[in-house]
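First up is the structure itself, then whatever we jot down about it.
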Amino acid sequence: MAKTIGILTAGGDSPGLNAAIRGVGKAAIGAYGMHVVGFRDGFRGLMENRGSSLSPSDLSGILTIGGTILGTSRDKPNRMPVGKKTMDMTDAIVATYHNHHLDGLVCLGGGGTQKNAFHLLQNSLNVITLPKTIDNDVALTDITLGFDTALGIATDAIDRLHSTAHSHHRIIVVEVMGHNAGWLALGAGIAGGADVILIPEIPYDIEAVAEAIRHRSRTGSRFSIVAVSEGSMSRAQAETLQQAQALVDQAKGSKKRTRRSVEKAKAAKAKFSEIKEQVGNSTLQLSQELEQLTGLESRVTILGHLQRGGTPSAADRLLATRLGTACAGLVNQGMFGVMVATRGDGTEPVPLEDVVDKRKTVPLDHPWIQSARDIGVCLGDA
Ligand code: F6P
C-alpha cells in the first residue's frame, strides 16, 4: 500500500526550506508513489491538526522562494503555550499523526527541532529530520541548509560597508547572526575582508581589539571592519556566564527535589538567560568602547533577519534537493529515528539520539581560524 508521510518546518525560517519541501515531496510522490501531508506552523500545526495534502502542483514554483510555504513556529510539543498556560501537547500530536494514518513524519529544523523530533520518536512516532539553520550549528552534519545563502548575504553586506568605513575613516561594527556559534561571522568576515572577527567561541579582550584597530590606523588604514557574532562576548562576560552555568549545573545535579531546590534551579536558569540576553545585546556597547579606546568614530550595523530572507543560493537549492530526495529514499526503506546529515557530496543518516543536546561550534583549531590569523585578522584574543 502507498505510504503517507507528514512534513513540517520548525524553528526560525531559513533560505532553502521550500526547496527542501519540494525535494522531499517530489521524490516521495514521483519516485515512490507516496501521499504527502503538509502541516502548518511547525509542531503547533500538528497539535492543532492543521494539515493538508500536498499535490505536485503545490510543490511547483517554490524552489526559489524564501521562507517556508508551510509556515513555522518555535513551539515545542511538550511545552506549548495554549491559552494562558504552557502544556504538554504530545498526546494531541500523536493523535493527529494517527488520524492521518501517517507512516512517517519529516521535520525540517535546527537544533531545537532535532530535540523535539527526538521527543516524538520516544513517543513511538516514525520521525526523520533534515538539518536547517543559518547558524550552521547542528551537530554531526557537515553543513546545514540556509548557511550558504546567509553567508552570501552577510559577505555582501560587509563588502558594501567598506565604502562608508574607508570614506569616513570609521570603525564599522557589523553584527552577524549566530547566538552560540561563530560560523557565519567567521565565514563572512573572512570572505568580506573584515579586519576583526569576534565569535562566541573566542571571548575577546577589548584592549586587544582596540590595539589591532590602532595599529591599522598607525600603518595607514584609518578604517576597520569588525564582524561580530551576536553571541560573542568579552572575557569578563564569558566568566560571568560560566559562573551562571555552574549554578544551573549544580541545581540540575541536586538529588533532592524540594520546593527550595526547584526555586533555586529556576532562579539559576533565569540568571543565566538574563546574562545571555545581555551578551546578545552588547554590540552597541562594544562599538562605544572601541570609539573611546581608539579615538575613531564607530558605527553599528545589525544585519538581523535580512540574513534569513530572500532567494536561496544555488548551493542551498542543491543541498536542499540532495537532502530532500535522500530523505524520501530513507522513508521508502522504512528508516526512521535519524537525521539526514550532509557528508561531503553525499548524505548519511545519523541516529537522532546522537544529534540532540549537542551543538557544532567552531573548533579553535579549525582551518578557517588559522586562515584568518594567517592573513592578520584579529580574533580578539591576541
Ligand atoms: O537560529 C537561527 C537564528 O537566526 C539565530 O542566529 C538568531 O539568534 C535567532 O535565529 C533569532 O531568531 P528569531 O528572532 O526569529 O527568534
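Each ligand, and each atom within it, is numbered from 1 in the order the structure gives. Throughout, residue positions are numbered sequentially from 1 according to the sequence presented.
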Check your understanding: Does Asn136 use its side chain to pair, donor to acceptor, with the backbone of Thr144 at less than 3.5 Å?
Key -> yes

Exercise for review: State whether Lys266 and Glu263 are salt-bridged, where the test is any N-O pair (Lys NZ or Arg NE/NH1/NH2 against Asp/Glu carboxylate O) under 4.0 Å.
Suggested key: no

Review point. Are side-chain N/O atoms of Asp58 and Ser55 paired as donor and acceptor at under 3.5 Å?
Key: yes

Practice item. Check whether the side chains of Glu201 and Thr361 place a donor and an acceptor atom closer than 3.5 Å, and report yes or no. Key: no

Review point. Of all the atoms in ligand 1, which lie at a distance below 4.0 Å from a heavy atom belonging to Glu230?
Key: 5 (C), 6 (O), 7 (C), 8 (O)

Check your understanding: Taking only heavy atoms of Gly178, which atoms of ligand 1 are found under 4.0 Å from at least one of them?
Key -> 6 (O)

**Study point:** Exercise: identify the closest heavy-atom pair between Leu108 and Ala20
**Key:** CD2-CB, 3.7 Å

Review point. Looking at CD1 of Ile172 and CD1 of Ile158, how far apart are the two atoms once the value is rounded to the nearest 0.5 Å?
Key: 11.5 Å

For [atom], what is the nearest protein heavy atom, given as residue, atom name and distance?
atom                    : answer
atom 4 (O) of ligand 1  : Met177 SD, 2.9 Å
atom 2 (C) of ligand 1  : Asp135 OD2, 3.4 Å
atom 15 (O) of ligand 1 : Arg308 NH2, 2.7 Å
atom 14 (O) of ligand 1 : His305 NE2, 2.8 Å

Check your understanding: Does Gln307 reach ligand 1, in the sense of a heavy atom lying below 4.0 Å from it?
Key -> no

